[in-house]
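First, the structure itself, so that you have it in front of you.
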Amino acid sequence: MDHSKTLNLNVRKDFPILSKKILEKKDLIYFDTAASAQKPNTVIDETNDFYKNHYSNVSRGVHTLSVESTFRYEDARKKVQKFLNARSENEIIFTKSATEGINLVAQTFYDKFMQKGDEVILSLIEHHSNLIPWFFLRDKYGVVLKFANIQPSGEIDIDHFNSLFTNKTKIVSLTHLSNVFGTELNEKAISICKDKNVPILLDGCQSAAHLKIDVQKLSCDFFVFSGHKTYGPAGIGVLYGTENLLSEMPPYQGGGGMIGDVSLEGASYAELPAKYEAGTPPLVEAHGLGIAIDYMNKIGLDNIIEHENEITKYAFNKLNEIDFIEIHGGDNKRNSIISFNIKNIHSHEVSSFLDVEGIAIRAGHHCCQPLMKHLGVNSTARLSFGVYNSLEEVDKFVIALHKCKEFFNK
Amino acid sequence: MDHSKTLNLNVRKDFPILSKKILEKKDLIYFDTAASAQKPNTVIDETNDFYKNHYSNVSRGVHTLSVESTFRYEDARKKVQKFLNARSENEIIFTKSATEGINLVAQTFYDKFMQKGDEVILSLIEHHSNLIPWFFLRDKYGVVLKFANIQPSGEIDIDHFNSLFTNKTKIVSLTHLSNVFGTELNEKAISICKDKNVPILLDGCQSAAHLKIDVQKLSCDFFVFSGHKTYGPAGIGVLYGTENLLSEMPPYQGGGGMIGDVSLEGASYAELPAKYEAGTPPLVEAHGLGIAIDYMNKIGLDNIIEHENEITKYAFNKLNEIDFIEIHGGDNKRNSIISFNIKNIHSHEVSSFLDVEGIAIRAGHHCCQPLMKHLGVNSTARLSFGVYNSLEEVDKFVIALHKCKEFFNK
Amino acid sequence: MNDLINDLYQEIILDHGREPRNFGECEPHNKSADGHNPLCGDNLKLTFLLNDQNIIEDIKFTGEGCAISLASASLMTEKLKGKKIEVAEEIFKDFTNLVSGSDEDLKVLNEEDSLYALKGVGGFPMRVKCATMAWHAFNQALKD
Amino acid sequence: MNDLINDLYQEIILDHGREPRNFGECEPHNKSADGHNPLCGDNLKLTFLLNDQNIIEDIKFTGEGCAISLASASLMTEKLKGKKIEVAEEIFKDFTNLVSGSDEDLKVLNEEDSLYALKGVGGFPMRVKCATMAWHAFNQALKD
Ligand SMILES: Cc1ncc(COP(=O)(O)O)c(C=O)c1O
Ligand SMILES: Cc1ncc(COP(=O)(O)O)c(C=O)c1O
């Protein structure tokens with residue numbers, strides 16, 4: 001156990017679940033943050049407080065609780081706006097998840113800007129949530145989908161990507177940080193889109209809490225993420241879109257809260273952002289996400305990123321030394337995520353074995369079946385880190401891996 | 001103050017927010033349950049416990065936390081299934097809200113079963129959430145919408161409704177309990193649909209916690225409601241649909257969790273109910289809804305209904321005696337909801353005045369603008385009751401109403 | 001009676017709410033806009049005549065609404081009639097601050113102004129939209 | 001080593017996981033179905049020959065999967081070969097109960113059965129789908 005360096009951050013105590021004992025005796029080592037992050041006390045407590053002291057519906061009544069709920073909800077929007085450095089709160093739409101955000105964009109962008117035969121560029125490493133909504137456009141409307149290849153490193157092959165554009169290319173949608181490789185999207189991909197004047201959606205599910213996001217600097221047109229992966233509650237997501245595009249696209253779902261004036265003959269729609277928020281929104285969850293952002297800001301996103309980088313590098317090097325381990329992707333920088341296989345042992349076996357040691361990792365296709373097929377595996381094991389992890393946990397994990405190998409080769 | 005009878009139920013202590021002081025001195029009287037219900041301790045505590053002891057993503061990993069989360073999520077589905085008396089868990093789809101449920105049905109039912117010129121029957125009393133999703137079909141695909149008139153009582157005019165059917169009528173969508181009048185849908189409306197073999201969606205937002213629901217007895221084809229109006233958390237809704245229809249209709253949103261097998265060329269979809277649940281679902285919220293159902297079952301839905309009926313009748317009679325009050329709708333039975341106006345005083349004034357007395361009522365169009373236009377008002381005040389209300393609160397409310405009248409006529 | 005309520009519904013508000021001044025349509029007019037509060041369905045139509053010195057010669061409104069929105073529209077028309085457009089815009093800014101509860105950095109409004117009567121709206125944040133509906137219509141009309 | 005793990009990965013499971021029996025395609029066959037676990041992408045193809053006395057004359061599978069799913073498929077084929085379809089259906093029911101952790105009301109299986117080795121799956125509820133994938137394919141094939 002050579003964790004020569006100890007890290008500066010130690011926030012484990014902020015996360016109540018981390019004191020849970022797995023199977024009544026093992027300390028929990030949670031290496032599944034990419035699937036969903038654990039929640040700090042403040043997020044849990046504020047959820048509590050909202051229901052105990054301030055709850056009612058938003059934007060509808062004029063009574064005190066309605067004021068308190070509405071202000072919390074809209075305050076969360078401001079926090080998200082600052083978190084992403086969006087120009088205006090009108091560019092922040094609360095959804096139930098990143099998945100919903102992508103569905104919303106695919107459908108309404110099509111409705112406004114596309115027709116049969118138009119093209120969308122995706123890539124081989126996309127999550128199902130950034131594939132199927134576009135498959136729907138292909139199946140329903142005859143939209144053409146093109147997929148950028150990847151290099152052995154796991155990064156998009158920029159030349160191939162560039163070659164996919166035609167004058168029918170209407171939108172590009174790419175993952176900002178791969179949930180399998182942990183590699184960041186090459187900035188060139190975005191600048192190519194800018195050059196060609198094609199809007200780009202970034203799937204920021206894995207980047208939102210692990211890279212510093214500035215949608216203006218990134219100059220993306222859409223950016224989606226999920227609250228539950230950024231230390232916030234379940235049931236809340238964010239869609240960022242430029243005011244230009246969001247104003248032009250039609251609404252997605254219809255219902256209370258997104259209307260201007262309604263008669264039986266027709267309806268006018270509310271201004272942004274309400275236009276895209278039909279029905280009672282996940283208001284308490286939005287507030288919780290705002291609190292999660294406060295939490296990250298308090299720790300400092302730079303510190304979080306540095307912390308995770310240290311752990312990721314440490315783990316990568318450790319795994320790289322082990323001959324029975326195959327790491328997927330190349331040697332390029334990983335951000336909080338590493339996928340691997342133990343040769344001849346299925347990832348399920350690895351995960352179940354580690355589970356009884358208290359270690360939670362993810363095993364499966366990570367909702368990236370096309371990529372799995374490309375890699376020639378049907379599943380991988382995945383380590384993913386959050387602000388609460390430590391080098392010691394990595395050491396324990398490595399020991400457990402050796403035990404695992406031994407057990408299945410006995 | 002002649003509350004000659006005291007009621008059997010006294011569960012106020014189960015709802016922590018009810019001990020809040022409004023403006024630091026007034027006891028909260030919450031008469032806005034139809035907009036959103038307050039949450040019992042158990043729902044709040046279990047939400048807490050979920051995040052503190054069992055949280056991770058669902059249906060994806062194989063580790064202990066994943067098991068605990070998945071089982072809670074699926075257990076909630078079983079509870080909802082029993083609550084609605086659906087035939088199978090496959091008929092219970094978790095959505096983010098009732099609004100999303102109606103959008104889901106409108107879009108996917110159209111995709112499978114309808115074409116241009118086909119007809120949908122709605123009514124004049126529908127909530128915007130049960131209008132705009134259908135307006136979308138009209139605007140996008142040329143579907144024809146027909147609206148059943150209402151009688152002065154606020155009930156649907158059954159003869160007129162019946163006369164709207166043609167051989168192009170493909171689906172009917174009606175509110176099960178009016179959020180303005182509090183009147184229940186006449187069963188005849190459903191049996192007419194059955195006779196004519198046209199599927200019917202019931203918007204059960206207001207009925208789910210205030211009437212006993214049995215979707216098999218009701219013989220509706222779809223039923224939607226929102227968790228937040230049934231003492232559950234924000235951010236969760238339910239769509240019930242018959243397995244027949246749900247299997248035939250295409251998926252609504254695409255993404256992780258709703259797929260079978262995916263390649264770049266196409267995807268197969270998961271079985272019900274996963275097929276309609278793309279992305280990470282509001283898992284903690286679903287669990288919370290299950291706990292809310294447990295809570296209602298513990299008190300007994302019959303007891304809740306009886307309790308609310310007593311209060312509603314009492315309030316109705318009190319208001320009916322006051323000459324400056326105009327109650328909307330007729331003398332027929334109300335379920336937990338009464339809408340009214342004070343002559344010559346705008347509902348906003350009433351609500352703000354009552355607010356400083358600690359009384360939360362709703363003022364506005366209640367997301368029913370076509371109905372407001374029909375009634376010739378642009379807003380009404382609305383009282384709505386929940387399990388935690390009492391006759392004493394109604395008495396206080398009536399006194400405050402008199403003060404209000406006096407204040408504005410001074 | 002509660003202070004908040006008395007602050008909100010000062011005599012002048014109740015008066016203008018009951019009997020709005022400048023109620024009707026301005027003929028002729030060269031500027032108009034609709035105001036709308038989607039929360040409650042309240043709405044108004046504002047018309048005014050801007051002359052070639054950029055002075056608001058006449059201004060009127062019609063519509064339905066609560067006492068706050070009617071009184072605010074009524075007081076606005078009284079205040080703006082005869083004003084240069086630049087001044088009117090300054091008043092608009094001040095007024096928006098005032099009803100959001102901050103009366104510190106006001107440039108042109110002061111406590112003598114009848115518009116000050118709407119300061120009490122600050123105690124009822126969900127009513128701010130009632131108080132600003134007419135003003136937003138005014139601002140909109142200038143943009144169109 | 002942990003008991004749960006030892007219960008899950010009994011020697012016979014590891015053995016059948018490494019070297020599945022009846023691996024391949026049954027020729028001729030008159031029944032087949034695909035099994036699929038969307039959680040992890042594991043899948044198999046089951047083929048069998050049902051003769052005119054409703055006896056499973058031969059049964060095989062191919063596919064990829066974890067030790068549990070391969071061993072379960074392998075043990076299933078061993079168990080079902082030569083069985084009457086009615087008996088096979090009883091075994092299916094018992095097996096489903098067994099891996100869900102309840103071995104009380106079993107009708108045809110008992111502790112002597114090799115299938116009993118999969119009881120340990122009950123300790124890993126998310127692995128139940130691995131253990132039942134082949135069985136669901138079998139059940140599906142009967143329905144088609
Ligand atoms: C009758 C009715 N339908 C639909 C809705 C919409 O519910 P939600 O906003 O929770 O989606 C409501 C509640 O506002 C309602 O009362
Ligand atoms: C890269 C990526 N995109 C999209 C998603 C979907 O996120 P959600 O399930 O929260 O909608 C995920 C998470 O599973 C992801 O990792």
Side-chain angles (χ1 to χ4, degrees), chain A residues 16-17 20 22 32 35-36 38-39 44 47-48 51-53 55-57 60-65 96-97 99-100 103 127-129 132-133 135-136 147 226 228 234-235 253-256 259 262-264 266-267 278-280 282-285 348 351-352 355 360 362-364 367 369-370 373, chain B residues 16-17 20 22 32 35-36 38-39 44 47-48 51-53 55-57 60-65 96-97 99-100 103 127-129 132-133 135-136 147 226 228 234-235 253-256 259 262-264 266-267 278-280 282-285 348 351-352 355 360 362-364 367 369-370 373:
Chain A
I17 203 171
K20 182 185 174 96
I22 296 294
D32 198 17
S36 201
Q38 296 301 343
K39 320 305 174 196
I44 303 171
T47 299
N48 236 335
Y51 284 126
K52 288 194 172 167
N53 293 304
Y55 182 81
S56 82
N57 212 322
R60 284 160 169 79
V62 302
H63 55 71
T64 298
L65 292 176
K96 71 173 168 183
S97 63
T99 298
E100 175 168 60
N103 278 275
H127 189 280
H128 294 158
S129 291
I132 315 288
F135 284 18
F136 285 178
F147 302 91
S226 279
H228 70 93
Q253 294 181 333
I259 55 90
V262 181
S263 72
L264 295 182
T280 302
L283 57 139
V284 178
E285 291 77 2
H348 272 180
S351 181
S352 286
D355 185 35
R362 177 79 185 280
C367 296
Q369 285 191 351
K373 285 167 189 170
Chain B
I17 203 172
K20 181 184 173 96
I22 295 295
D32 198 16
S36 202
Q38 298 300 343
K39 321 305 173 197
I44 302 171
T47 298
N48 237 335
Y51 284 126
K52 288 194 172 168
N53 294 303
Y55 182 80
S56 83
N57 212 322
R60 284 158 170 80
V62 301
H63 55 71
T64 298
L65 292 176
K96 71 172 169 183
S97 63
T99 298
E100 175 168 60
N103 279 274
H127 189 279
H128 295 158
S129 291
I132 314 290
F135 283 19
F136 285 178
F147 302 91
S226 280
H228 71 92
Q253 295 181 335
I259 55 90
V262 181
S263 72
L264 295 182
T280 302
L283 58 139
V284 178
E285 291 77 2
H348 272 180
S351 181
S352 287
D355 185 35
R362 177 79 186 281
C367 296
Q369 285 191 352
K373 286 167 187 167

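Chain A is the first sequence line, chain B the second, and so forth, proteins listed ahead of strands; every chain is numbered from 1. Bear in mind that the values here come from a model prediction, so they are computed numbers and not experimental data.
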Exercise for the section: Go through the atoms of A:Asn48 and report whether side chain, backbone, both or neither lie under 4.5 Å from a heavy atom of chain B. Expected result: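 Looking at A:Asn48, backbone and side chain both touch chain B.
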Handout entry: Top contributor to chain A interface from B:Ile259, B:Thr47, B:Ile22 [non-hydrogen pairs under 4.5 Å]
Key =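 Most heavy-atom pairs within the cutoff with chain A belong to B:Ile259.
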Problem - Contact class of A:Phe147 relative to chain B, heavy atoms under 4.5 angstrom - result: side chain
Handout entry: Chi angles and distances behind the side chain to side chain contact (heavy atoms under 4.5 Å, CB included) call for A:Asp32, B:Asn57
Key = CA-CA 9 Å; A:Asp32 198 17; B:Asn57 212 322; 5.8 Å; no
Problem - Choice from B:Arg362, B:Lys52, B:Lys20 maximising heavy atom contacts with chain A below 4.5 Å - result: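 The option with the most such pairs is B:Lys52.
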Practice task
Please determine, among B:Asn53, B:Ile44, B:Thr99, B:Val262, the option with the most heavy-atom pairs under 4.5 Å with chain A.
Solution key: B:Val262
Handout entry: Heavy-atom check, side chain of B:Asp355 versus side chain of A:Val62, under 4.5 Å
Key =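 A side-chain contact under 4.5 Å is absent here.
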Problem - B:Ser352 portion near chain A, given a 4.5 angstrom heavy-atom threshold - result: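 Backbone plus side chain of B:Ser352, per the 4.5 Å heavy-atom cut-off to chain A.
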Exercise for the section: Counting only heavy atoms closer than 4.5 Å, note whether A:Ser97 contacts chain B via side chain, backbone, both or neither. Expected result: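 Just its side chain gets close to chain B.
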Practice task
Just give me the residue among A:Ser129, A:Pro16, A:Ala234, A:Gly266 that pairs up with chain B most often, heavy atom to heavy atom, under 4.5 Å.
Solution key: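 Option with the greatest count: A:Ala234.
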Completion exercise
Under 4.5 Å to a heavy atom of chain A? For B:Asn103 that would be side chain
Practice task
For chain B, find which of A:Gln38, A:His348, A:Lys373, A:Glu285 contributes the most heavy-atom pairs closer than 4.5 angstrom.
Solution key: A:Glu285
Exercise for the section: Determine, step by step, whether B:Ile17 and A:Leu65 satisfy the side chain to side chain contact (heavy atoms under 4.5 Å, CB included) criterion, reporting the C-alpha distance in whole Å, the side-chain angles of both residues, the deciding distance to 0.1 Å, and the verdict. Expected result: CA-CA 10 Å; B:Ile17 203 172; A:Leu65 292 176; 4.0 Å; yes
Handout entry: Toward chain A, the part of B:Tyr55 with a non-hydrogen atom under 4.5 Å
Key =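 Looking at B:Tyr55, backbone and side chain both touch chain A.
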Problem - Residue selection (most heavy-atom pairs with chain A, distance under 4.5 Å) from B:Gly279, B:Ser263, B:Ala267, B:Pro370 - result: B:Pro370
Handout entry: Engaged part of B:Leu264 at the chain A interface, taking heavy atoms whose separation is under 4.5 Å
Key = both
Practice task
Among A:Gly256, A:Cys367, A:Gly61, single out the residue with the greatest number of heavy-atom pairs under 4.5 Å to chain B.
Solution key: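 Answer, by heavy-atom pair count under 4.5 Å with chain B: A:Gly256.
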Exercise for the section: Identify which of B:Ala363, B:Gly364, B:Ala35 forms the greatest number of heavy-atom pairs closer than 4.5 Å to chain A. Expected result: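 The residue among B:Ala363, B:Gly364, B:Ala35 with the greatest pair count is B:Ala35.
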